Amino acid sequence: MIRIRHSAALWLAVLLIPISAPASLSPFDYTALRDEAVQLLSQYLTINTSNPPGNELATASWLKEVLAREGIEGQILDTAELGPGRANFYARLKGNGKKKAIALVHHMDVVPVTDSQWTVPAFQGFGEGRIRVWPRRDRHEGPRHHPAHGPDRDQTRRVSSSTGTWSYIANADEEVNGDGAIIFVKRHPDLLQDVEYLLTEGADTRVEGGKVRWFGIDVGEKRPLWTRLVVEGKTSHGSVPIGDQNPVPRLARAIERVSAWQTPLRLTPAVERFFKALATIETSPEGRKYLGDPRAALRSPAGRAWLLSEPERNALLRNTISPTVLVGSNKTNTIPQRATAELDIRLLPDEDPVAFTTELRRIIADTSVKLEEIAPIPPRYDAPLDTELFKAIEHVAGEMLPGIPIATPVSPGASDRPSYAQAGIITYGLDPYLIPIEENRYEVHGNDERLSIDNVGWGVKFYLLLLSGMR
């Protein structure tokens with residue numbers, strides 16, 4: 001996923017501010033907190049954790065040192081399990097025990113970068129005369145969650161400890177296998193047993209044409225059921241056709257059937273709300289009508305055709321299958337003994353994988369085509385829309401963005417969130433920045449990824465209001 005390093009800056013800047021103050025905009029010096037978050041972020045971004053190989057241990061050590069200066073003990077964990085140079089990190093700010101904990105989570109690794117293609121070095125904190133922060137967005141979430149240098153740190157700690165408990169988790173390896181979160185959840189259930197809610201990276205807030213169109217709360221994620229189709233045959237010289245003993249035509253027929261399969265349409269509550277938010281920015285009258293009432297639209301041929309005409313909407317309404325990797329012979333004149341095709345299958349969050357696989361076999365209708373699991377399917381992740389934290393997010397977004405609708409997208413991609421959801425934790429993904437879609441669309445995981453200093457300040461303010469309201 002993206003922006004997680006920025007999250008680190010905001011988490012770190014929030015943990016020790018005086019959250020007993022009323023949940024309004026007045027009690028905090030947001031400019032000072034923003035500036036500190038930017039300073040922390042600029043330090044954080046100099047640590048190269050490109051994955052592979054990761055090198056998250058360097059970041060974990062930096063986090064431990066910064067937290068220690070504020071009197072919070074951090075733990076560097078799972079170094080043996082994750083391998084050389086890698087680690088998870090954990091810290092805790094204990095409350096009075098009246099409420100369960102909220103976990104603030106980000107990942108420390110980033111995608112590789114070709115530094116020569118950047119306007120400024122990719123692992124440099126500032127650019128353009130210190131007007132903009134130039135981070136790898138994968139880390140956006142981190143320093144936001146770090147304890148800031150408040151006006152009275154001792155009093156801040158006392159105030160914070162009289163409220164709810166906050167757990168701070170930084171994971172390795174989100175960008176490749178997700179091993180950091182998987183290992184953390186498996187090895188440290190004691191550190192998660194009192195966590196009720198978890199906040200991590202998530203949906204974009206749509207800013208288009210200079211206007212905020214909707215604020216996003218990520219509440220679900222489609223599950224990848226990556227599957228390999230395998231057909232065995234008989235190897236022979238290509239000059240002499242051997243009919244069905246050639247595995248390639250049989251595999252091709254299976255791919256054709258799978259590709260033609262129109263999986264059933266299903267509108268989940270989160271996607272229904274998301275579509276209704278999209279209706280507010282839709283320019284065409286028919287689009288506003290169909291998105292404004294997607295259930296009715298799906299019952300009409302015209303409405304259904306309109307909703308499915310856009311690939312992203314289609315993917316949110318059904319299980320999808322994309323044939324990707326094909327392997328047959330390595331020579332034009334040789335019939336292979338074995339032919340395979342890999343399918344990128346994405347299931348709706350509540351889909352039964354066993355039932356889907358059974359139906360897939362029926363669609364293929366050829367017992368000679370074997371199905372192999374490429375990778376284990378991740379746990380289910382879909383969060384409820386009626387919790388105390390969800391309502392608090394709605395309230396803060398409404399205060400900072402009056403009149404802007406709340407959207408609840410379901411991600412077609414993958415992240416660490418299912419690992420924590422499997423532990424029984426209600427998990428939400430947020431991206432509290434106002435980044436124009438023109439920038440966001442082309443810079444995510446790309447060259448010159450950046451975040452304005454004003455956006456860092458907006459995120460700090462958002463999380464201060466949110467977490468003070470959850471005390």
Side-chain angles (χ1 to χ4, degrees), residues 1 4-16 37 39-94 101-110 123 135-136 138-149 157 160 165-195 198-201 415-417 419-420 423 425:
M1 292 292 288
I4 240 9
R5 283 180 121 168
H6 285 183
S7 227
L10 300 193
W11 285 162
L12 295 175
V14 161
L15 280 182
L16 284 183
Q39 291 172 5
L40 287 165
L41 180 58
S42 66
Q43 297 170 27
Y44 189 22
L45 293 171
T46 63
I47 307 171
N48 186 341
T49 58
S50 298
N51 186 12
N55 193 36
E56 297 95 343
L57 179 58
T59 294
S61 299
W62 180 83
L63 293 170
K64 183 177 175 68
E65 178 183 343
V66 176
L67 282 165
R69 294 201 297 263
E70 305 295 339
I72 297 179
E73 181 182 358
Q75 301 178 48
I76 295 176
L77 303 170
D78 308 321
T79 54
E81 291 75 15
L82 288 165
R86 316 202 74 174
N88 284 322
F89 181 82
Y90 173 83
R92 184 177 180 87
L93 188 60
K94 188 172 176 57
I102 296 177
L104 311 176
V105 177
H106 68 96
H107 67 84
M108 297 177 283
D109 61 321
V110 297
F123 294 95
R136 306 305 321 286
D138 303 24
R139 295 190 189 175
H140 286 192
E141 299 294 325
R144 179 172 55 198
H145 304 163
H146 190 72
H149 299 252
R157 281 193 290 271
S160 298
T165 295
W166 297 342
S167 295
Y168 173 50
I169 303 169
N171 287 131
D173 196 50
E174 192 271 352
E175 295 292 357
V176 178
N177 297 318
D179 286 341
I182 293 170
I183 289 171
F184 187 93
V185 171
K186 181 178 180 179
R187 296 195 69 245
H188 308 290
D190 56 314
L191 302 181
L192 298 171
Q193 62 181 353
D194 68 338
V195 175
L198 185 147
L199 292 171
T200 185
E201 66 176 337
S415 75
D416 284 342
R417 290 171 302 207
S419 296
Y420 290 101
I425 301 171

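Position 1 is the first residue of the sequence, and the numbers go up from there. Keep in mind the model is a prediction, meaning the values are calculated, not measured. The figures that follow rest on heavy atoms only: side chains count, while hydrogens, waters and symmetry mates do not.
Results of the side-chain contact (heavy atoms from CB on, under 4.5 Å) test with Phe89 over Thr59, Ile169, Asn171, Leu67 single out Leu67 as the only residue that passes.
No side-chain heavy atom of His106 sits less than 4.5 Å from a side-chain heavy atom of Glu174.
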For this session: Go through the steps to decide whether Ser42 and Thr46 satisfy the test side chain to side chain contact (heavy atoms under 4.5 Å, CB included), and finish with yes or no.
Result: CA-CA 7 Å; Ser42 66; Thr46 63; over 6 Å; no
Problem set entry | side-chain hydrogen bond (donor to acceptor under 3.5 Å, both in side chains) between His188 and Asn88, intermediate numbers included | CA-CA 11 Å; His188 308 290; Asn88 284 322; 5.9 Å; no
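Taken from CH2 in Trp166 to CG in Leu199, the straight-line distance is 11.0 Å, to the nearest 0.5 Å. One distance of note links OG of Ser50 with CZ of Phe123; it measures 3.5 Å at 0.5 Å rounding. Rounded to the nearest 0.5 angstrom, Ile72 CD1 and Lys64 NZ are separated by 12.0 Å. For the atom pair CG (Asn51) and CE (Met108), the distance works out to 11.0 Å, reported to the nearest 0.5 Å. A distance of 9.0 Å separates OG in Ser167 from CG in Leu198, rounded to the nearest 0.5 Å. Remark: Leu93 CG to Ile102 CD1 distance equals 12.0 Å, nearest 0.5 Å.
Pairing each heavy atom of Leu82 with each of Ala87, the nearest pair is CD1-C, 3.5 Å. What you find for Asp109 and Glu175 is that their closest heavy atoms are OD2-N, 2.8 Å.
A donor-acceptor distance shorter than 3.5 angstrom exists from the side chain of Thr200 to the backbone of Val105, with no hydrogens or angles considered. The main-chain N or O of Thr165 is never found under 3.5 Å from a side-chain atom of Lys94 such that the two would form a donor-acceptor pair.
Residue pairs meeting the salt bridge (charged side-chain N to carboxylate O under 4.0 Å, His left out) criterion with at least one member in residues 80-90, sequence neighbours excluded: Glu56-Arg86, Glu81-Arg187, Arg86-Asp173.
Checked against salt bridge (Lys or Arg N to Asp or Glu O under 4.0 Å), Glu65 has the following partners two or more places apart in sequence or in another chain: Arg69. The side-chain hydrogen bond (donor to acceptor under 3.5 Å, both in side chains) search around Asp194 returns Arg92, not counting sequence neighbours. Taking Gln75 as the reference, Leu77, Tyr90 meet the side-chain contact (heavy atoms from CB on, under 4.5 Å) condition, with sequence neighbours excluded. In this structure, Asn55 has no side-chain hydrogen bond (donor to acceptor under 3.5 Å, both in side chains) partners at least two apart in sequence or on a different chain.
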Give the table of side-chain donor-acceptor pairs shorter than 3.5 Å for residues 177-186, with sequence neighbours excluded, one pair per line with atom names and distance.
none

